Amino acid sequence: MSQEYPLQRESEFSWRIDPSGKMRVPGIIYADETLIREMDDKVFEQLCNVASLPGIVQAAYAMPDAHWGYGFPIGGVAAFDPDLGGVVSAGGVGFDISCGVRALRTGLSIEEIEPVKKQLVDALFRQVPVGVGSTGRIHLNDKGMTAMLKGGARWAVEQGFGEPGDLERIEEKGCMAGADPGEVSARARKRQQDEMGTLGSGNHYLEVQRVAEIYDPRIATAFGLRENDAVVFIHCGSRGLGHQIGTEFLKYMVLVASRHGIELPDRELACAPINSELGQAYLGAMRAGINCALANRQIITHLTRQVFADVLPKADLTLIFDVSHNTCKLESHPVAGRQRKLYVHRKGATRAFGPGNPEIPETLRAVGQPVLIGGSMGTESHILAGSEQGAGLSFNSACHGAGRAMSRHRATKLWRGRSVVDELAERGILIRSPSMRGVAEEAPGAYKDVRAVVDAAEKAGLAKKVARMEPRLCIKG
DNA sequence: ATGTGC
């Protein structure tokens, strides 16, 4: 644990760094003692940097899966008040804008999947493009690109990818308002024109999982989950488009920071006032990036349904929910007893609205928003539900995954992709990937213990555990 | 995360 950053234990699952130097607010980390001890000192340093940005409200937060990121920690949450000089930061959203997870029920039990598992994983691997630079069968011209950037998953459904009923189970009903395709450069558009409906690389995957354990039967029933059900998890984002938007705006934000009177503790924290031309331009482009990710996951859902229709015609894939974990969104939150409109950055952190929140679909409003936690390849995933107390703890945010425990480079020194695949196959978990190096980088041992992460999130009060899933097959970038 | 990068 850090010598340099004095952590005060606030409770069994929360830790605090009091403001010092240029920090305007404290840093708060939700974690158990083991997670805190193993957390990179860089997380604390980055959290203190975030806490020093103009207009930050209440505290800079780190989730239990936090690790070192670009500028902001991954697993970081920070909210800014536009009227107090609050800022928006490209690095605070992350390069993979609106990277997120979508979970689907299949209407099948795992016993129905097992006999055709190999056929299913091979068909998915053929049908869903994966890997660095992967392209799909959809090619968008500039007009189509603009419509996609404006319409998100709603556009995808209009194009015949999926069903109108899907939209109800997506954040923002599948279409992020305030997107400004005019702020998305020609280069970003070009990079994306052949990449719709592709999974990408890194930690992105498509898995078929077994519901292994139900923690909260009432909420599980509301989410349509039963033990032994087969479910699909899709984890991916906005591909080359989001990355290009992030890269370009980061550069502009570095250039004009001093003009806005912003002193950057770290160049990677480049940001612009929300109430500035650049801040508004970024928000418009970022929202278009959100729509790109929502459309991408929608198209992949359609491809997945086609595969199931072929291999398991009895299947009926219905959307449980779709959550993004790299965003900046305008939300209303109580601060010291007063509702305030804040721009909440969640980078590697999942929105987790509690019961009653009007943003949650009516059919789920009584139980809270599904919080989808994708574990690493070969390990378990979790579904949680937003809690009422989460509002006062982290602007209704929770963890997003297991969180890396070491660098990709170190992981490739410790594991061989081929042996990882073989070992998982022995446990009946089938992996298909174009990159054995990618598999080594994503080896289960390179990640934190996802169950410890989820337990800490629950015990800190951020969200409530609902169900635990085990992977049976996985296609990976 | 990324038409992976120096």
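Computed from a predicted structure; not experimentally measured.
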Looking at B:dT2, I'd like to know if its phosphate oxygens (OP1 or OP2) sit under 4.0 Å from a side-chain N or O belonging to A:T247.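 Answer no for this pair, as no side-chain N or O of A:T247 is under 4.0 Å from OP1 or OP2.
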Mind calculating the distance between [atom1] ([X]) and [atom2] ([N]) to the nearest angstrom?
X	N	atom1	atom2	answer
A:E195	B:dT2	CD	C1'	9 Å
A:N326	B:dT2	CG	P	11 Å
A:R187	B:dT2	CZ	P	16 Å
A:R437	B:dT2	CZ	P	14 Å
A:I74	B:dT2	CD1	P	13 Å
A:R239	B:dT2	CZ	P	5 Å
A:L241	B:dT2	CG	P	12 Å
A:N296	B:dT2	CG	P	10 Å

For the backbone of A:S52 and the side chain of A:R24, can you confirm whether one donor and one acceptor N or O come within less than 3.5 Å of each other?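 Indeed, once roles are kept as given, a pair shorter than 3.5 Å links the two residues.
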With a non-hydrogen cut-off below 4.0 angstrom, is [X] in contact with a base, only sugar-phosphate, or nothing?
X	answer
A:G202	sugar-phosphate
A:R404	nothing
A:G237	nothing

So that I can tick it off, tell me whether A:E470 and A:R472 are bridged by a salt bridge, with the cut-off set at under 4.0 angstrom between side-chain N and carboxylate O.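 The answer is no: the pair does not qualify as a salt bridge.
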Using the salt bridge (charged side-chain N to carboxylate O under 4.0 Å, His left out) rule, collect all pairs that involve residues 141-161 of chain A, keeping only residues at least two apart or in two chains.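 For residues 141-161 of chain A, and leaving out neighbouring residues, the salt bridge (charged side-chain N to carboxylate O under 4.0 Å, His left out) pairs sorted by first residue read A:D142-A:R189.
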Let me have the donor-acceptor pairs involving side chains of residues 272-287 of chain A, under 3.5 Å, with sequence neighbours excluded, atom names and distances please.
residue: A:N275; atom: ND2; partner: A:P82; partner atom: O; Å: 3.0
residue: A:S276; atom: OG; partner: A:P273; partner atom: O; Å: 2.6
residue: A:S276; atom: OG; partner: A:G279; partner atom: N; Å: 3.0
residue: A:Q280; atom: NE2; partner: A:I274; partner atom: O; Å: 2.8

